[in-house]
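Heads up: the structure comes next, in structure tokens.
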Amino acid sequence: MKASRLFIPTLKEDPAEAEAISHKLSVRAGLVRQLAAGLYIFLPLGLRVMEKINRIIREEMNAIGAQEISMPVLHPAEVWRQTGRYDQIGPEMFRLQDRGGREMVLGMTHEEIVTWLAARELRSYRDLPQIWYQIQTKLRDEARPKSGVLRTREFVMKDSYSFDTDEEALEESYQLHVSAYERIFTRAGIEFYMVESDPGMMGGATAHEFMAPSPAGEDEVALCPACGYAANVELAQSVPDYPEFPEAGIEEVETPGVRTIAEVSGYLEVEPALLIKSLLVMAGDEPVLVMVRGDQELQETKLARVIGEFRPAQAGEIREATGADAGFIGPVGLELRKIADESLAEGVYVTGANRDGYHLRGVVPGEDFQAELHDIRRVKDGERCRHCNVDLKLERVIEVGNIFKLGTKYSEPLGATYLDESGRERPIVMGSYGIGPARVAAAAIEQQADGKGIVWPAAIAPFQVHLVLVQPGDGAQATMADRLYAELAAAGIEVLYDERDLSPGAKFADADLIGCPVRATIGKRSAAEGAVEVRLRPGGEEQKFPLEEAAEAIAGLLAEPPGDGGIQAGQP
RNA sequence: CGGGGCGUGGCGCAGCCUGGUAGCGCGCUUGCUUUGGGAGCAAGAGGUCGGCGGUUCAAAUCCGCCCGCCCCGACCA
């Protein structure tokens with residue numbers, strides 16, 4: 001395509017509202033424009049990238065036998081009522097009424113709808129297994145859209161759903177998705193990890209996320225460099241390390257106005273690891289005292305698995321339950337449910353005395369108080385792996401895909417059943433699997449951009465070759481460039497042909513910003529010798545080819561498997 | 001929802017504290033020159049200063065309310 005006719009509004013300066021690299025560059029390179037918070041218009045270049053990613057997804061989904069369908073974005077509320085999610089989900093779901101006053105919702109995901117379909121059409125074990133997928137718009141009224149295209153209110157998602165006879169068959173569908181996802185992200189040219197994740201409210205027991213490492217990510221994962229253990233910090237486990245403990249023996253000490261861990265640590269000259277951090281939460285109407293070590297943080301998703309939904313207690317509730325203010329509460333002498341992190345199984349600690357202005361020293365868990373022990377702390381960088389005792393690494397990541405075993409959570413309420421070989425009616429066992437194509441694109445930008453702009457992996461670049469004609473007014477150069485353009489096009493290579501009448505610097509800067517893998521230049525320097533200059537976007541190393549051989553040489557460069565200077569992908 | 005920041009030609013910003021003339025860079029238009037890393041000269045176009053209300057002789061500037069956007073946190077099915 002000729003650049004003079006393409007709508008590629010590049011910008012010299014970063015947009016004021018952008019923070020993340022991928023956000024800045026996707027606006028500057030003319031991929032997207034923001035309509036409102038969390039709502040983006042995809043411009044020609046951005047759409048080309050999305051379509052490249054979607055094509056890879058389609059090919060790999062089809063390869064595991066998945067079949068593409070398309071479900072509505074607008075759903076009757078009734079279907080969501082049947083699974084209970086209509087009431088469970090809060091303001092994140094867009095709700096509206098049609099002209100007849102019927103309650104409708106905008107789909108934030110499609111488990112209900114696909115299960116509604118399966119309930120009507122899948123009847124026999126002979127109909128199973130099935131994998132259905134779509135690449136469809138989702139709407140979520142996000143509390144805080146952010147980071148450009150990474151977290152939006154309307155976004156396209158590849159979602160697939162598997163239908164199987166039992167858990168064993170589900171495992172097969174699950175593994176098929178694992179392999180398809182690995183191929184998809186590898187082909188797309190991003191680095192990624194598959195990590196254990198919290199199934200959360202999706203139900204089911206097993207879930208994994210595909211995570212692309214990037215400082216712009218919202219999630220964090222713990223990785224073991226030795227055994228490959230990889231988990232979202234929401235559930236990652238580690239071996240606690242212990243400090244040296246002082247002597248036991250309870251003693252009350254005056255600590256006027258000393259409330260926080262840092263203050264107590266400083267005032268009593270005791271390291272934070274020798275303190276117990278006591279938090280009061282409300283699980284429904286029941287107050288629960290939650291304890292982690294002073295140098296640890298509570299991982300709320302882990303606690304929720306133990307006590308269900310909870311919220312922090314308010315000041316009044318804290319005083320009512322403990323007789324003290326938040327800074328002075330502790331487990332000793334309290335008659336309420338107590339949950340302590342497992343690392344508190346041994347040791348001697350300082351805790352709040354449940355009396356304003358006082359703490360207790362020499363408190364021994366198990367003797368001075370009893371608590372249920374669970375892993376409820378957040379893994380810290382440098383803690384050791386449970387499997388091989390090697391230091392764990394924490395890394396920020398962008399969630400680009402997820403896979404869930406749903407079991408019968410949706411099939412039962414929606415009546416999606418089948419008859420097995422013996423004629424018995426049984427619920428279909430389901431799985432749910434998502435990929436965010438825009439996040440794949442953003443992850444690719446985040447992982448590979450340099451100071452000049454985007455460096456696209458070849459497979460998802462908007463064009464493979466950026467052909468720069470330096471002086472369009474020079475007949476000899478133009479003739480050469482026209483010929484190369486035609487030859488590349490004939491070879492099936494996508495070329496962005498920049499024949500605009502701009503200064504060379506402007507065109508080179510745009511080429512760097514847009515980030516196509518190969519740049520071919522024809523200017524007076526090369527035209528004089530009948531040559532084309534070819535350079536790869538990441539490296540910058542330049543080769544010259546005679547015009548006659550250039551198209552073939554470029555095709556060869558593009559066909560080369562991703563190598564050193566280019567794309568890295570795969571698992572840790 | 002809590003905390004913080006911002007809103008001034010298309011984009012990026014100054015001006016606001018201390019009220020009185022709206023300014024800079026980029027981009028855009030026209031002409032001439034130029035053409036290997038965001039060209040030069042000249043001449044131009046383009047702004048209800050987010051909105052509403054208030055104070056004042058006078059408001060981009062001071063006050064109030066509202067709206068929008070961004071960041072941190074909460075949330076994230």
Side-chain angles (χ1 to χ4, degrees), chain A residues 9-20 23-24 27-28 30 33-40 80 83-93 105 107-112 138-148 150-153 155 157 159 197-204 207 209 216-219 232 234 300-301 304 309-312 399 402 404 406 409-410 432 434 436 451-453 468-474 477-478 498-514 519-528 531-533 535 540 542 544:
Chain A
T10 56
L11 299 174
K12 205 179 283 191
E13 289 171 291
D14 285 335
E17 70 277 5
E19 195 83 3
H23 187 191
K24 290 177 180 171
V27 173
R28 282 189 54 206
R33 285 294 183 267
Q34 187 184 57
L35 171 65
L39 298 174
Y40 280 84
W80 285 80
T83 59
R85 286 168 115 192
Y86 186 82
D87 297 312
Q88 276 169 35
I89 297 174
E92 203 174 326
M93 179 147 64
V105 308
M108 43 196 302
T109 176
H110 283 75
E111 280 82 14
E112 276 76 3
K138 313 286 182 210
L139 291 125
R140 295 181 188 176
D141 196 356
E142 286 286 350
R144 184 147 96 84
K146 60 182 281 198
S147 304
L150 275 180
R151 189 169 195 75
T152 56
R153 293 192 291 177
F155 57 99
M157 181 169 155
D159 48 321
S197 71
D198 181 7
M201 302 297 273
M202 285 292 276
E209 289 163 327
E218 298 184 276
D219 288 294
N232 193 311
E234 288 175 359
E300 298 186 7
T301 46
E309 270 188 59
F310 67 92
R311 61 169 175 83
E399 180 187 348
N402 54 45
F404 292 96
L406 297 176
K409 176 172 166 138
Y410 296 93
S432 164
K452 293 176 169 178
V468 177
L469 168 57
V470 177
Q471 282 173 269
D474 181 305
Q477 289 178 39
D498 194 348
E499 25 65 283
R500 294 175 300 172
D501 188 19
L502 289 181
S503 78
K507 287 193 276 198
F508 290 142
D510 269 357
D512 290 336
L513 180 58
I514 291 167
R519 190 184 89 192
T521 306
I522 291 177
K524 76 166 179 246
R525 220 157 67 189
S526 54
V532 178
E533 292 152 65
R535 77 157 73 173
E542 202 157 82
K544 276 189 192 176

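In what follows, chains are A, B, ... by sequence order, proteins preceding strands, each numbered from 1.
Across all strands shown, B:A39 forms a Watson-Crick or G-U wobble pair with B:U33, both key distances being under 3.5 Å. Across all strands shown, B:G53 forms a Watson-Crick or G-U wobble pair with B:C63, both key distances being under 3.5 Å. Figure legend. B:C6 is base-paired to B:G68; pairs are counted as Watson-Crick or G-U wobble with both atom distances under 3.5 Å. Of all nucleotides present, only B:C1 satisfies the Watson-Crick or G-U wobble test against B:G73, with each distance under 3.5 Å. Within the shown strands, B:C24 is the pairing partner of B:G12 under the Watson-Crick or G-U definition, both distances less than 3.5 Å.
Taking atom CZ of residue A:F310 and atom P of nucleotide B:A74, one finds them 12 Å apart after rounding to whole Å. Taking atom NZ of residue A:K24 and atom C1' of nucleotide B:G12, one finds them 13 Å apart after rounding to whole Å. Here the P atom of nucleotide B:G4 and the CD atom of A:E19 are 18 Å apart, to the nearest Å. Distance CG (A:L150) to P (B:C70): 13 Å, rounded to an integer number of Å. Distance A:R140 CZ to B:C75 C1': 13 Å, rounded to the nearest Å. Nucleotide B:C75 holds its C1' atom 12 Å from the CG atom of A:D141, rounded to whole Å. Rounded to whole Å, the distance from CD on A:E13 to C1' on B:G12 is 4 Å. Rounded to an integer number of Å, the gap from CD of A:E17 to P of B:C71 is 9 Å.
Of all heavy-atom pairs spanning A:E300 and A:F310, the tightest one is O-CE2, 3.6 Å.
Taking atom P on both nucleotides, B:C11 is separated from B:C57 by 37 Å, rounded to a whole Å. Taking the P atoms as reference points, B:U61 lies 30 Å from B:C72, given to the whole Å. Spacing of P atoms, B:C75 relative to B:C16, comes out at 42 Å, to the nearest Å. Going from the P atom of B:G23 to that of B:G44 covers 15 Å, rounded to whole Å. For the P atoms, the distance linking B:C26 with B:G20 amounts to 28 Å, nearest Å. Taking atom C1' in both B:U35 and B:G47, one finds a spacing of 35 Å when rounded to whole Å. Between B:U56 and B:G19, the distance separating the two C1' atoms is 9 Å to the nearest Å. Taking atom P on both nucleotides, B:C69 is separated from B:C28 by 29 Å, rounded to a whole Å.
The residue A:A143 sits close to a base: some heavy atom pair falls under 4.0 Å. Residue contacts for A:A36: at a heavy-atom cut-off of 4.0 Å it reaches the sugar-phosphate backbone alone, with no base atom in range. Residue A:E92 is in sugar-phosphate contact alone, with no base atom involved, counting any heavy-atom pair closer than 4.0 Å across all strands shown. A:S147 comes within 4.0 angstrom of sugar-phosphate atoms only, judged by non-hydrogen atoms across all strands, and of no base. A:E234 comes within 4.0 angstrom of nothing in the nucleic acid, heavy atoms only.
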### Steps toward side chain to side chain donor-acceptor pair (under 3.5 Å) verdict (A:K146, A:H23)
CA-CA 9 Å; A:K146 60 182 281 198; A:H23 187 191; over 6 Å; no
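In terms of the side-chain hydrogen bond (donor to acceptor under 3.5 Å, both in side chains) criterion, A:E234 has no residue partners (sequence neighbours excluded). Residues passing the side-chain hydrogen bond (donor to acceptor under 3.5 Å, both in side chains) test with A:S197, sequence neighbours excluded: none. Residues satisfying the side chain to side chain contact (heavy atoms under 4.5 Å, CB included) test with A:T83, not counting sequence neighbours, are A:R85, A:E112, A:Y410, A:P413, A:L414. Scored by the side chain to side chain contact (heavy atoms under 4.5 Å, CB included) test, A:A16 finds no partners at all (sequence neighbours excluded).
Formation of a donor-acceptor pair under 3.5 Å by the A:S526 side chain with backbone atoms of A:A531 is found in this model.
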With a 3.5 Å cut-off and sequence neighbours excluded, list the donor-acceptor pairs that the side chains of residues 498-507 of chain A form with protein atoms.
residue	atom	partner	partner atom	Å
A:D498	OD1	A:R500	N	3.2
A:D498	OD1	A:R500	NE	2.9
A:D498	OD2	A:R500	NH2	3.0
A:E499	OE1	A:S4	N	3.1
A:E499	OE1	A:S4	OG	3.2
A:E499	OE2	A:S4	OG	2.8
A:R500	NH2	A:D510	OD2	2.9
A:S503	OG	A:A506	N	3.4
A:K507	NZ	A:L469	O	2.7
A:K507	NZ	A:V470	O	3.4
A:K507	NZ	A:R500	O	2.7

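You'll find that the side chain of A:Q88 is closest to B:A77, out of B:A74, B:A77, B:C70. When each of B:C69, B:A77, B:G73 is scored by its nearest atom to the side-chain atoms of A:R144, the top-ranked nucleotide is B:G73.
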### B/S/- contact track for nucleotides 29-39 of chain B, protein heavy atom under 4.0 Å
------BBBBS
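When each of A:D14 and A:R153 is assigned the nucleotide of RNA chain B with its nearest heavy atom, A:D14 is the one assigned upstream, toward the 5' end.
Applying the 4.0 Å criterion to OP1 and OP2 of B:A77, one finds that A:K409 has every side-chain N and O outside that range.
Screening A:K138, A:R153, A:R140, A:E142 for a side chain to side chain contact (heavy atoms under 4.5 Å, CB included) with A:M108, the sole residue that qualifies is A:R140.
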